[in-house]
**Student:** 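Quick one: this structure, given as structure tokens, is what I'll be asking you about.
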Amino acid sequence: MNLIFGIAVTVIFYILTADAIKKHPGAFYLGIYVWCGAVVMYFNLGYDQKFPEWFNVYFMNMFSRGIFTTATFMVVMYLGVITKHNKLSRKLMSVRGEISIIGSLLTLSHNVVFGVKYFPMLFTNPKAMPTRELIASSITLCLLAMLIPLFITSFKVVRRKMSGKTWKKIQCMAYPFFIGIYVHIMVLYSADVKSHITGIVVYTLIYGSYVVLRLRKAALKSRKLKAATA
């Protein structure tokens, strides 16, 4: 339930802040870093023990467990498969690049926090790592290798200096990156399938729907091209 709640909160957040993000993107980028640091301190300093359990489960865990981050990329990717935009989707589409940057910053911050623990062992003594953690860490490195160029080219100042063809080629990595997040989550959930069954079902439905919609959009585009050249 907290996963569904977290995804809903993330979507509502971007709907309510779209105009502000468009006007002051830098403030949001900085705010993300400040907030990530606050979340780390919140748990490391034991403040989670002083607040009600519901606050941690439904709000703070949304950030510490990466729900907000993953949902951010869901917004970005689903906007890309919409074939008929309405007022709401057009509003979000106008800041899709900025939302992508926010998601990238959240992901990089998340990996700094957890990477301190896992990456040194991955590079120095991988045999000492449990199989699940080894696989998850390896997937993370692949995801970061795709994320960094996607992140850099999401900035308009960088995009303007690139040819449209090159930019589109780089952005195509967003598809395996997005699917890779799903694989990463499933690897982590495999540690206790029973307690994560709701998350497995929800993520599978969301990602499965995305794949169907993406293939549908590609088919429609191919059909239009054939009709134009006929």
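Values reported hereafter were calculated over all heavy atoms of this structure, with side chains retained and with hydrogens, waters and symmetry mates removed.
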**Student:** Restricting to non-hydrogen atoms, name the atom on V95 and the atom on K22 that form the minimum distance, rounded to 0.1 Å.
**Tutor:**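 Heavy atoms only, the tightest pair is CG1-CB, 3.5 Å.
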**Student:** For V212, which fellow cluster members are found when Ile, Leu, Val, Met, Phe, Trp and Tyr are connected by side-chain heavy-atom distances below 4.5 angstrom, either directly or through intermediates?
**Tutor:**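 For V212, no cluster forms, as it stays isolated from other hydrophobic side chains.
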**Student:** Got T70 and T10 here, is their nearest side-chain heavy-atom distance under 4.5 Å?
**Tutor:**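 Not in contact.
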**Student:** Got I101 and I32 here, is their nearest side-chain heavy-atom distance under 4.5 Å?
**Tutor:**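 No, side chains not in contact.
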**Student:** Which atom pair, heavy atoms only, marks the closest approach of G103 to T69?
**Tutor:**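 It is O-CG2, 3.8 Å.
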**Student:** If I take atom CE from residue M129 and atom CE from residue M121, how far apart are they, to the nearest 0.5 angstrom?
**Tutor:**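 It is 6.5 Å, given to the nearest 0.5 Å.
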**Student:** With a 4.5 Å limit on heavy-atom distance, are the side chains of M60 and F51 in contact?
**Tutor:**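 SC-SC contact between M60 and F51 ruled out.
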**Student:** Between S137 (side chain only) and L134 (backbone N and O only), is there a donor and an acceptor less than 3.5 Å apart?
**Tutor:**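 A pair under 3.5 Å: no.
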**Student:** Hey, any chance M62 and V34 share a hydrophobic cluster, counting ILVMFWY side chains that come within less than 4.5 Å of each other, even indirectly?
**Tutor:**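 No.
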**Student:** So, do F151 and L108 sit near enough that their side-chain heavy atoms are less than 4.5 Å apart?
**Tutor:**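 F151 reaches L108 side chain to side chain.
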**Student:** I'd like to know if I152 and I99 are part of one continuous hydrophobic network [Ile/Leu/Val/Met/Phe/Trp/Tyr, side-chain heavy atoms within less than 4.5 Å].
**Tutor:**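 They do share one cluster, since a chain of ILVMFWY contacts under 4.5 Å joins I99 to I152.
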**Student:** Are any side-chain N or O atoms of H110 and backbone N or O atoms of L106, one a donor and one an acceptor, separated by less than 3.5 Å?
**Tutor:**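 Absent.
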**Student:** I'd like to check C172 versus K169 (side-chain heavy atoms, cut-off strictly below 4.5 Å). Are they in contact?
**Tutor:**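 C172 vs K169: side chains apart.
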**Student:** Is the closest side-chain heavy-atom distance between Y58 and V9 below 4.5 Å?
**Tutor:**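 No, every pair of side-chain atoms sits at 4.5 Å or beyond.
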**Student:** Measuring from atom CG of L215 to atom NZ of K217, what distance do you get when rounded to the nearest 0.5 angstrom?
**Tutor:**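 Here the interatomic distance stands at 12.5 Å.
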**Student:** Do you know the tightest heavy-atom contact between M93 and H85?
**Tutor:**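 Distance-wise, the nearest heavy atoms are SD-CE1, 4.0 Å.
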**Student:** Report yes or no: does N111 contribute a side-chain atom to a donor-acceptor pair with the main-chain N or O of T107 at less than 3.5 Å?
**Tutor:**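 Side chain of N111 to backbone of T107: a pair is present.
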**Student:** Decide yes or no on side-chain contact (heavy atoms from CB on, under 4.5 Å) for L92 and V11, but give the supporting numbers first.
**Tutor:** CA-CA 10 Å; L92 290 173; V11 174; 5.5 Å; no
**Student:** Looking only at the side chains, is there a donor atom on one of Y47 and N56 sitting less than 3.5 Å from an acceptor on the other?
**Tutor:**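 No, no side-chain donor-acceptor contact under 3.5 Å.
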**Student:** Do V40 and N44 come close enough that some side-chain heavy atom pair is under 4.5 Å?
**Tutor:**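 Yes; the side chains approach each other to less than 4.5 Å.
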**Student:** So, using ring pair (Phe, Tyr, Trp, His ring centres under 6.0 Å) as the criterion, who are the partners of F59 when residues are at least two apart?
**Tutor:**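 Result, ring pair (Phe, Tyr, Trp, His ring centres under 6.0 Å) vs F59: F55, F63.
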**Student:** Output side-chain donor-acceptor pairs under 3.5 Å for residues 174-188, partner residues at least two apart or in another chain, one line each.
**Tutor:**
residue: Y175; atom: OH; partner: R214; partner atom: NE; Å: 3.3
residue: Y175; atom: OH; partner: R214; partner atom: NH2; Å: 2.9
residue: Y182; atom: OH; partner: T204; partner atom: OG1; Å: 2.8
residue: H184; atom: ND1; partner: A136; partner atom: O; Å: 3.4

**Student:** Would you give the length of the straight line joining atom CG of L147 to atom SG of C142, rounded to the nearest 0.5 angstrom?
**Tutor:**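 L147 CG to C142 SG: 12.5 Å, rounded to 0.5 Å.
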**Student:** Any donor-acceptor pair under 3.5 Å linking the side chain of T17 with the backbone of A20?
**Tutor:**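 No, the answer is negative, given that no donor and acceptor are paired below the 3.5 Å cut-off.
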**Student:** Looking at every heavy atom in both I15 and K91, which two are closest together, and how far apart are they?
**Tutor:**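 Scanning both residues, the minimum pair turns out to be O-NZ, 3.3 Å.
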**Student:** Is there a side-chain contact between I67 and N61 (heavy atoms, below 4.5 Å)?
**Tutor:**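 In short, these two side chains do not touch, never coming nearer than 4.5 Å.
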**Student:** Please round to the nearest 0.5 Å and tell me the distance separating atom CG of L45 and atom NZ of K50.
**Tutor:**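 Between atom CG of L45 and atom NZ of K50 there are 8.5 Å.
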**Student:** Taking everything shown except H24 itself, do over 12 heavy atoms lie less than 6.0 Å from its NE2?
**Tutor:**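 12 or below, so no.
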**Student:** Just distance, no hydrogens or angles: give the donor-acceptor pairs under 3.5 Å from side chains in residues 153-162, sequence neighbours left out.
**Tutor:**
residue: T153; atom: OG1; partner: P149; partner atom: O; Å: 2.7
residue: T153; atom: OG1; partner: L150; partner atom: O; Å: 3.3
residue: T153; atom: OG1; partner: Q171; partner atom: NE2; Å: 2.8
residue: S154; atom: OG; partner: L150; partner atom: O; Å: 2.7
residue: K156; atom: NZ; partner: E98; partner atom: OE2; Å: 3.4

**Student:** If you take all heavy atoms of Y29 and L105, which pair is closest and at what distance?
**Tutor:**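 So the minimum-distance heavy-atom pair works out to CB-CD1, 3.7 Å.
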**Student:** How close do F43 and S64 get, heavy atom to heavy atom, and via which atoms?
**Tutor:**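 Minimum heavy-atom contact is CE1-CB, 3.6 Å.
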**Student:** Cluster question for you: counting only ILVMFWY and a side-chain heavy-atom cut-off of under 4.5 Å, with indirect links fine, are I7 and V211 together?
**Tutor:**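 Hydrophobic grouping puts I7 with V211.
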**Student:** Using links of under 4.5 Å between side-chain heavy atoms of ILVMFWY residues, direct or through other members, which residues join I12 in one cluster?
**Tutor:**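 Grouped by the 4.5 Å side-chain rule, L16 form the rest of the cluster around I12.
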**Student:** Let me check something: any side-chain donor-acceptor pairs from residues 71-79 under 3.5 Å, sequence neighbours excluded? List them with distances.
**Tutor:**
residue: T72; atom: OG1; partner: Y14; partner atom: OH; Å: 2.8
residue: T72; atom: OG1; partner: F68; partner atom: O; Å: 2.8
residue: Y78; atom: OH; partner: I206; partner atom: O; Å: 2.5
residue: Y78; atom: OH; partner: Y210; partner atom: N; Å: 3.2

